[in-house]
Each structure stands twice: as C-alpha cells, then as structure tokens.
Amino acid sequence: MQTTENPAQAVDQTASWRERADSELEKIVRLFSSTQLPDLCAKSLIIAPEKPSSKWSFGNQLLMLLAGTEDARGYRQWMDAKRYVRKGSKAFYILGPVFVKKRVDSPDPNDGEDIEVLVGFRAIPVFRLEDTEGADLPTYKPRDPPPLLDVAERYGMKVNYLRLSAGVYGLTDYERQVITLATEDWTVFWHELAHAIHRSYEPKTGHGQEPEAETIAQLVAATLARLYGRPDDSFSWTYLATQAQSASPQQVGRMCLRVLDRAKRVLDLIYEAPAQP
Ligand SMILES: [Zn+2]
C-alpha cells in the first residue's frame with residue numbers, strides 16, 4: 001500500500017480499511033450461518049525452547065503458579081541453562097513419581113519380565129526463574145512476524161514464543177500482560193490480541209474460556225486474516241462450533257450475531273494503530 005503525507009487521505013484510508021473489515025466480518029458471519037465448513041488440519045507448532053515444567057503434571061504446574069513463577073527448575077537444570085540460583089533463595093517442592101523395577105514371574109524361569117511399579121512420590125526441590133541469575137534464556141524469534149505486533153505493544157502486552165501444553169496454540173496472561181504463542185500462525189496472535197483488547201474494556205466475569213469472548217476473538221482473527229490475504233475460515237468455523245457446542249451453522253451464526261457489535265468494537269480499537277494491511 002502506498003503511504004501518503006496528506007492527513008485527510010490517511011484518514012480516508014483508515015475509513016476504507018474499516019469498511020473493508022466490516023464487510024469481511026459480515027461475510028464471515030453470513031458464511032458461518034449458512035455452511036458447515038470442513039475441518040482443517042492442525043496448525044504447525046514452532047520448535048521453540050521448551051521449559052522443563054511444560055512436561056510436568058498439572059498438579060506440579062499448579063504448584064509452580066502458586067509459587068508465583070512461570071519457569072521453575074532444579075538446581076542442576078538451572079546450571080545447564082547457565083543460570084545460577086541466588087544465595088539465600090528458597091526452593092519450593094514438586095512431587096516426582098518413584099518407580100522401582102519388579103520382576104514379573106513366569107512359569108518359565110528364563111522368561112520373566114521387568115516392569116516398573118510406582119511405589120510413591122518424593123519431593124523435588126526447584127527454584128523460581130526470578131531467584132536465578134546468569135545467561136539469558138534462549139528465546140524464539142519468529143521468521144515471519146505477524147502484522148499488528150505494535151498494537152499489542154500499545155496495549156502493554158509483551159509477545160513471546162514458547163512451546164505450550166499439547167493442543168494449546170496461544171494464551172494470554174492478563175495479569176502479567178504477556179501473550180504466549182506456540183505457532184507462527186498469524187491468526188493465533190490476532191486471536192490473543194483480540195482477547196487482550198476486548199478484556200481491556202470488558203473485564204472477565206467467569207473462569208476459563210467463555211464462549212462469547214472466544215467468539216469475539218476468533219471473529220476478529222478471521223476478519224484480519226481475510227484483510228491480510230490469509231483466510232482462515234475452516235479453522236475459525238470449527239473453533240466457533242466447538243464454542244457453540246453445536247455443529248449447526250444456524251447455531252454458530254446466531255452466536256456470531258450476538259457478539260457482532262463487540263467484535264466490531266475490537267476491530268475499531270485496532271484501527272487506531274497506524275499499521276494497515
Ligand atoms: Zn481464546
């Protein structure tokens with residue numbers, strides 16, 4: 001797109017972008033209300049540095065969050081990452097399973113089998129990232145950074161790339177103001193960005209994923225995807241059908257209509273940024 005120094009023209013371009021966005025958003029809602037789109041394959045995940053804790057059990061991950069950190073490791077593990085636990089730091093404990101090998105007898109004395117048997121748990125001391133110092137942890141740099149990163153910045157959100165638990169492409173931590181992405185897929189970033197903007201004026205009421213908030217975020221992402229020439233309709237439809245708990249296009253369409261104005265408002269707030277497709 002050509003840029004212009006003429007402010008009147010610049011405003012015009014914003015207006016036309018908004019019109020295009022509105023028309024794409026409405027096309028999406030019409031499409032989603034009339035057709036059941038086929039399932040699409042999963043998005044490709046990045047090969048990002050992984051935190052040891054991403055392999056922990058849910059209970060241990062909860063203990064880590066209660067300890068107020070997003071990265072905890074054993075003393076040795078921090079040394080492997082060239083970081084050192086500060087003197088006087090207190091460990092907190094996670095639980096690790098203890099297995100012993102047991103021989104399972106067989107009638108044939110040469111044919112026994114060793115199996116691992118869980119005999120209990122032991123407490124493993126781990127330290128918070130915040131209690132360590134040393135080399136910066138490796139970070140993942142996207143090869144193809146998504147447009148509108150500046151909008152995230154405007155909302156005070158940091159964006160980083162990390163492997164997340166299986167099946168999670170992205171998540172937003174509103175308290176820490178961090179968007180974490182496990183894929184370079186632009187629409188995943190736009191979905192999280194939409195959440196952050198939506199949440200900035202309409203605070204969350206319940207726990208976990210709220211179908212309406214998810215629908216707003218995905219409609220915004222699907223609209224931006226079309227504006228940037230990367231339509232994502234199949235994935236979005238499947239996502240919204242999951243939120244609507246129905247594979248009926250009418251149900252999906254109805255849910256879209258319920259949140260249409262709020263999705264438009266999020267798009268409006270995005271347009272305040274100078275970047276345009
Ligand atoms: Zn979401």
Side-chain angles (χ1 to χ4, degrees), residues 21 25 28-29 32 37 39-46 48 54 58 61 65 70 142 146-149 151-152 154-228 230-247 251-270:
L25 178 59
I28 290 167
V29 173
F32 288 1
L37 295 160
D39 276 3
L40 208 70
C41 58
K43 297 180 183 295
S44 63
L45 296 168
I46 52 168
S54 39
F58 178 71
Q61 297 207 17
L65 290 179
E70 282 173 343
L148 303 175
L149 279 170
V151 181
R154 188 151 54 83
Y155 277 83
M157 303 297 291
K158 263 198 291 178
V159 177
N160 64 24
Y161 287 81
L162 265 184
R163 264 320 254 275
L164 297 165
S165 346
V168 182
Y169 291 133
L171 53 89
T172 300
D173 185 328
Y174 302 97
E175 237 154 74
R176 287 167 200 272
Q177 298 201 288
V178 180
I179 292 174
T180 305
L181 303 169
T183 171
E184 287 211 16
D185 195 291
W186 290 359
T187 54
V188 173
F189 165 63
W190 293 328
H191 175 105
E192 299 304 330
L193 178 66
H195 272 313
I197 294 174
H198 173 220
R199 203 57 72 77
S200 72
Y201 69 88
E202 193 171 44
K204 192 175 179 179
T205 46
H207 295 286
Q209 285 194 332
E210 296 164 32
E212 290 200 350
E214 294 307 322
T215 305
I216 293 167
Q218 195 59 32
L219 281 179
V220 169
T223 304
L224 293 172
R226 282 167 161 247
L227 291 176
Y228 283 92
R230 298 193 173 189
D232 199 28
D233 296 344
S234 298
F235 180 87
S236 297
W237 196 90
T238 309
Y239 188 85
L240 297 187
T242 311
Q243 297 300 327
Q245 297 185 316
S246 164
Q251 293 282 350
V252 174
R254 228 169 279 155
M255 191 169 66
C256 291
L257 286 173
R258 266 209 307 277
V259 302
L260 194 60
D261 285 345
R262 286 186 279 165
K264 280 187 181 172
R265 169 133 190 227
V266 172
L267 285 163
D268 275 349
L269 292 168
I270 287 172

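Counting starts at 1 for both ligands and their atoms, in listed order. The chain is numbered in sequence order, starting from 1.
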Within the 6.0 Å centroid threshold, strictly below: Tyr239 and His191: yes

Metal proximity, Glu214 vs the Zn ion (ligand 1), N/O/S cut-off 2.8 Å: yes

Under the side-chain contact (heavy atoms from CB on, under 4.5 Å) test, residues paired with Glu212 that sit two or more places apart: Arg258, Val259, Arg262

Nearest to the Zn ion (ligand 1) - the N/O/S atom of His191, by atom name: NE2

Name of the His195 atom (N/O/S only) found closest to the Zn ion (ligand 1): NE2

Donor-acceptor contact present, side-chain Arg163 to main-chain Ile46, <3.5 Å: yes

Results of ring-ring contact (aromatic ring centres under 6.0 Å, His included) for Tyr201 - residues two or more places apart only: His198

